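Counting begins at 1 with the first residue of the sequence. Given the structure is predicted, the values throughout are model-derived calculations rather than measurements. Values reported hereafter were calculated over all heavy atoms of this structure, with side chains retained and with hydrogens, waters and symmetry mates removed.
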Amino acid sequence: MASFTEQLANFFGTRDTDTSLRELFISELKGMYYAEKQIADALPNMAAAATTDVVRDGFHQHLAETENQIRRIEQIFQQLGMEADEKNCNAIDGLIDDGDVVISDTDSGSLTRDAGLIIAGQKVEHHEIAAYGSLHSLARLLGYHDAAQLIEESLEEEKNTDRKLTEIAESFINERAKMESDNDDDTDRDGIRDRMRDTVRDGDYGQTTGTYAGGSSYSGVTGSGTEENADAATWQRDQSSQGNRTWNSDDDTRSNSGNTTNRRDTDPLTGGPSGF
């Protein structure tokens with residue numbers, strides 16, 4: 001079966017179309033330049049609004065990637081002999097507005113907010129994956145091989161970020177957000193969060209490392225002060241007298257000074273992934 005690039009080549013089969021395709025490529029590149037800069041502006045706000053260190057650090061890490069992606073686009077414009085320029089992208093404006101709505105519609109310090117922020121982030125990632133995928137095909141068709149390589153690097157980063165967002169959501173965020181929503185007593189839920197903050201402030205409970213099901217690794221520090229849920233708080237209080245904790249996510253076993261207790265490898269107190 002012919003690739004998408006080959007199908008485009010067959011559809012735009014004459015050299016007369018090269019000029020219009022180049023214009024389309026440049027137009028889409030300008031839109032992506034605008035989009036990446038808007039995303040870079042929005043990510044710090046999303047990080048500041050996040051409840052857990054896992055999500056917060058992930059947004060900060062993706063901000064660094066986004067800044068690199070902006071520089072790649074500027075490099076492509078340079079290769080084309082043009083100054084970098086923007087074109088408004090209504091799609092990304094709407095997606096960023098959706099993220100702002102999540103923040104305004106969810107409680108500060110809740111896992112529900114993190115679940116919503118992950119959804120908002122993945123909407124943005126899916127837009128970027130589609131846009132970079134199309135730009136990559138056009139670049140190859142037009143013979144812009146260096147540009148295609150730069151675009152492919154950004155495309156793979158966006159795909160990887162999307163996968164990691166899913167892994168974070170499924171590790172514990174969504175489950176704890178559901179427990180939160182099942183509790184109809186807002187006062188009690190606030191009390192749970194306060195007790196969790198008090199518990200984790202007592203000390204650093206150690207470093208953790210592990211591997212996602214998808215193969216990517218993570219590390220974190222337990223007792224970060226943000227993984228707030230009733231089960232985790234209860235478990236931490238029960239185990240507070242035991243030291244030398246380690247976590248092995250391969251066999252789902254936590255060892256405490258020679259005593260072994262089984263815990264799910266999605267326990268948020270293990271710190272989770274350090275970023276996207």
Side-chain angles (χ1 to χ4, degrees), residues 1-47 58-101 117 119-165 276:
M1 182 177 179
S3 67
F4 180 67
T5 301
E6 291 170 340
Q7 292 177 43
L8 279 176
N10 291 333
F11 184 77
F12 299 105
T14 67
R15 301 301 297 177
D16 294 339
T17 63
D18 281 1
T19 300
S20 58
L21 274 180
R22 175 185 165 89
E23 291 174 354
L24 175 62
F25 176 79
I26 292 170
S27 177
E28 292 300 314
L29 192 65
K30 289 179 178 180
M32 203 63 219
Y33 189 46
Y34 172 88
E36 292 290 22
K37 293 174 77 171
Q38 296 304 306
I39 294 166
D41 288 342
L43 280 169
N45 294 332
M46 297 177 74
F59 283 133
H60 283 308
Q61 180 177 327
H62 192 52
L63 174 59
E65 289 182 343
T66 300
E67 290 169 344
N68 283 333
Q69 291 162 4
I70 290 171
R71 285 189 284 270
R72 288 190 192 114
I73 293 174
E74 291 170 345
Q75 188 175 344
I76 293 171
F77 276 115
Q78 186 177 18
Q79 291 172 358
L80 296 174
M82 303 175 58
E83 289 189 10
D85 196 9
E86 303 175 13
K87 183 188 77 170
N88 284 1
C89 175
N90 294 331
I92 206 66
D93 287 339
L95 292 173
I96 290 173
D97 286 344
D98 280 352
D100 292 337
V101 170
L117 287 171
I119 292 171
Q122 287 194 287
K123 288 179 181 178
V124 171
E125 294 308 313
H126 292 180
H127 170 82
E128 292 182 286
I129 289 169
Y132 275 125
S134 298
L135 279 169
H136 184 256
S137 294
L138 288 175
R140 291 178 59 198
L141 181 62
L142 290 165
Y144 300 154
H145 301 299
D146 291 340
Q149 177 61 40
L150 291 170
I151 292 167
E152 186 174 9
E153 291 176 18
S154 295
L155 176 60
E156 290 306 310
E157 287 175 351
E158 304 299 359
K159 290 179 178 179
N160 189 48
T161 296
D162 183 50
R163 284 192 295 268
K164 289 186 176 181
L165 281 168
F276 295 168

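Contact of the Glu158 side chain with the His127 side chain is not registered, since no non-hydrogen atoms from C-beta on lie closer than 4.5 Å. Taking 4.5 Å as the limit, some side-chain heavy atom of Gln79 sits within range of a side-chain heavy atom of Leu150. A 4.5 Å side-chain heavy-atom check between Met32 and Glu128 finds at least one atom pair inside the cut-off. Side-chain contact between Tyr132 and Glu152: absent, with no pair of heavy atoms (C-beta onward) separated by less than 4.5 Å. Side-chain atoms of Tyr33 and Asp85, non-hydrogen and from C-beta on, never get closer than 4.5 Å to each other.
Atom-to-atom distance recorded for Ser134:OG and Phe25:CZ is 11.0 Å, nearest 0.5 angstrom. One finds the CG atom of Asp97 at 10.0 Å from the CD atom of Gln38 (value rounded to the nearest 0.5 Å). Of the inter-residue distances, the one linking Leu29 atom CG with Ile73 atom CD1 reads 5.5 Å to the nearest 0.5 angstrom. How far CD1 of Ile129 is from CG of Asp162: 4.5 Å, rounded to the nearest 0.5 Å. How far CG of Leu135 is from CG of Leu142: 10.5 Å, rounded to the nearest 0.5 Å. Going from atom NE2 of His126 over to atom NZ of Lys159 covers 11.5 Å, rounded to the nearest 0.5 Å.
Here Glu157 pairs with Gln69, Arg72 under the side-chain hydrogen bond (donor to acceptor under 3.5 Å, both in side chains) rule; sequence neighbours left out. For Asp93, the side-chain hydrogen bond (donor to acceptor under 3.5 Å, both in side chains) criterion is met by Tyr34, not counting sequence neighbours.
Environment of CD in Gln78: sparse, with no more than 12 heavy atoms of neighbouring residues, nucleotides or ligands closer than 6.0 Å.
A pairwise comparison of heavy atoms in Ala40 and Ile70 identifies CB-CD1, 4.1 Å as the closest pair. The minimum heavy-atom distance linking Lys87 with Ser27 is given by the pair NZ-OG, 2.7 Å. Gly99 and Ala120 get closest at one heavy-atom pair: CA-CB, 3.8 Å. Taking each heavy atom of Pro44 and Leu63 in turn, the nearest pair found is CG-CD2, 4.0 Å. Closest approach of Leu117 and Phe59 over heavy atoms only: O-CZ, 3.9 Å. The shortest heavy-atom contact between Ile96 and Ala42 is CG2-CB, 3.9 Å.
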Legend entry - CA sep, side-chain torsions, deciding dist, call: Tyr144, Leu80, side chain to side chain contact (heavy atoms under 4.5 Å, CB included): CA-CA 9 Å; Tyr144 300 154; Leu80 296 174; 3.9 Å; yes
Inset, instruction - Check step by step if side chain to side chain contact (heavy atoms under 4.5 Å, CB included) holds for His62 and Glu125. - result: CA-CA 11 Å; His62 192 52; Glu125 294 308 313; 2.9 Å; yes
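Judged as a salt bridge (charged side-chain N to carboxylate O under 4.0 Å, His left out), the pairs with a partner in residues 34-44 (not counting sequence neighbours) are, in order, Lys37-Glu86.
With respect to Arg71 and Glu74, no salt bridge is recorded, no charged nitrogen being found less than 4.0 Å from a carboxylate O.
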